[in-house]
Amino acid sequence: MVKRALPRRFYDRDALDVAPELLNKLLVANGVSARLVEVEAYRGHDDPGAHSFRGQTPRNATMFGKPGLLYVYFSYGMHWCANAVCGPGTTPHAVLLRAAAPVAGLETMRARRTKARRDVDLCRGPGSLGQAFGFDRSFDGADLTRGSVCIVDDGVPPPVSPGVSPRVGLAVGKGDERAYRFFVRGDPHLSRAGSAPRSNPRRPS
DNA sequence: ACCGGGATGTTCT
DNA sequence: GAACATCCCGGTG
């Protein structure tokens with residue numbers, strides 16, 4: 001079985017098509033690797049939940065780059081979250097990497113994730129995943145198809161019938177109703193169980 | 001298990 | 001000043 005980084009053509013499509021196919025792929029970076037079990041699609045100009053909705057800014061510039069780049073952004077003043085930039089072309093679509101099952105470099109992940117009590121929590125949630133991989137601003141714009149940061153197909157197929165649900169953490173009216181979250185059903189590493197994300201605490205009053 | 005709140009800083013209004 | 005693609009802890013049931 002030859003492990004190979006996913007080619008650019010894999011990413012050069014609508015994030016809604018790429019997202020479910022990223023499930024069970026291996027994220028390899030910074031001395032560790034983990035199998036993706038939960039992702040979310042963010043769809044450019046038409047998606048009020050996407051950073052790119054209001055156009056290009058210094059923060060989201062990588063989303064407007066070529067498919068196959070890693071878009072890393074700083075969230076809530078303390079977390080680094082990672083996306084795979086999609087397409088087609090320079091359409092600013094992206095797939096947020098929300099949760100993964102640790103595969104290699106567990107000791108390194110534990111050292112980075114000092115708050116995680118169990119290994120199942122090492123990459124559980126986008127902020128936790130970013131911490132386990134040691135992501136920061138320097139990873140923004142990394143090329144997933146050429147460099148040491150990559151997503152690998154090691155022969156495990158995506159689920160035939162992935163779980164689908166609304167995305168997590170979006171405010172009401174900002175795309176929260178769209179079923180753009182995809183996950184491996186029943187996987188113990190999901191950021192939240194099954195298809196019922198916690199209701200949004202920032203409801204309009 | 002569920003829920004509320006604090007941490008912490010960049011981005012946008 | 002408010003919002004934010006979050007996480008963790010402590011209180012309650």
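Labels below follow one simple rule: chain letters A, B, ... track the order of the sequence lines, proteins then strands, and each chain is numbered from 1. What you are looking at is a predicted structure, and each value in this text was computed from that prediction instead of being measured.
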Hydrogens and angles aside, do A:Asn60 and A:Ser52 bring a side-chain donor and acceptor to less than 3.5 Å of each other? no

Rounded to whole Å, please give me the gap between CZ in A:Arg137 and P in B:dT10. 8 Å

Can you find a donor-acceptor N/O pair under 3.5 angstrom joining the side chain of A:Tyr76 to the base of C:dA5? no

Nearest-Å distance, CG (A:Leu122) to C1' (C:dC8)? 15 Å

Pair A:Arg112, A:Gln131: side-chain N/O donor-acceptor within cut-off below 3.5 Å: no

Side-chain donor-acceptor distances from residues 77-89 of chain A under 3.5 Å, at least two apart:
residue: A:Asn83; atom: OD1; partner: A:Leu96; partner atom: N; Å: 3.4
residue: A:Asn83; atom: ND2; partner: A:Tyr71; partner atom: O; Å: 3.2

Would you classify A:Gly125 as touching base, sugar-phosphate or nothing, given that sugar-phosphate means primed atoms plus P, OP1 and OP2, and contacts are heavy atoms under 4.0 Å? sugar-phosphate

Check this for me: A:Arg9, atom CZ, are more than 12 non-hydrogen atoms of other residues, nucleotides or ligands nearer than 6.0 Å? no

Do A:Arg118 and A:Asp121 pass the salt bridge (charged side-chain N to carboxylate O under 4.0 Å, His left out) test, and can you show the C-alpha distance, the side-chain angles, and the key distance before you say yes or no? CA-CA 6 Å; A:Arg118 309 167 300 167; A:Asp121 297 322; 3.1 Å; yes

Measure from the side-chain heavy atoms of A:Arg113 and tell me the nearest of C:dC4, C:dC8, C:dA5. C:dC8

Take atom CZ of A:Arg118 and atom P of C:dC8, then tell me their distance rounded to the nearest Å. 11 Å

What is the separation between atom NZ on A:Lys115 and atom C1' on B:dG6, rounded to the nearest whole Å? 12 Å

Under a 4.0 Å heavy-atom cut-off, which of residues 25-44 of chain A touch DNA chain C? A:Tyr42

Residue-phosphate contact under 4.0 Å: A:Arg59 side-chain N/O, B:dC12 OP1/OP2: no

By the 4.0 Å heavy-atom rule, please label A:Ser191 as base, sugar-phosphate, or nothing. nothing

Under 4.0 Å: is that the gap between some side-chain N or O of A:Arg117 and OP1 or OP2 of C:dC7? no

A:Arg181 and A:Glu40: CA distance, side-chain angles, deciding distance, side chain to side chain contact (heavy atoms under 4.5 Å, CB included) verdict: CA-CA 4 Å; A:Arg181 173 175 174 252; A:Glu40 286 174 353; 3.8 Å; yes

CE of A:Met78 versus P of C:dC9: gap in Å, rounded? 13 Å

From C-beta outward on A:Phe74, which listed nucleotide comes closest to its side chain: B:dT10, C:dC8, C:dA5? B:dT10

Under 4.0 Å, counting only non-hydrogen atoms across every strand here, what does A:Gly127 touch: a base, just sugar-phosphate, or nothing? sugar-phosphate

Picking from C:dA3, C:dC8, C:dT6, which would you name as closest to the side chain of A:Lys174? C:dA3

note: A:Tyr73, atom OH; B:dT11, atom P; distance rounded to Å ~ 13 Å

Taking CG from A:Leu129 and P from C:dC7, how many angstroms apart are they, rounded to a whole number? 9 Å

OP1 or OP2 of B:dT13 sitting under 4.0 Å from any side-chain N/O of A:Arg54? yes

Of all heavy-atom pairs between A:Met109 and A:Pro102, which one has the smallest distance, and what is that distance? SD-CB, 3.8 Å

Reckon A:His79 has a side-chain N or O less than 4.0 Å from the OP1 or OP2 of C:dC7? no

Rounding to an integer number of Å, can you tell me how far A:Arg192 CZ sits from C:dC8 P? 12 Å

Hunt down the Watson-Crick or G-U wobble partner of B:dT10, both distances under 3.5 Å, from any strand shown, or write none. C:dA3

Is A:Arg167 positioned over the aromatic face of A:Tyr42, cation under 6.0 angstrom from the ring centre and no more than 45 degrees off axis? yes

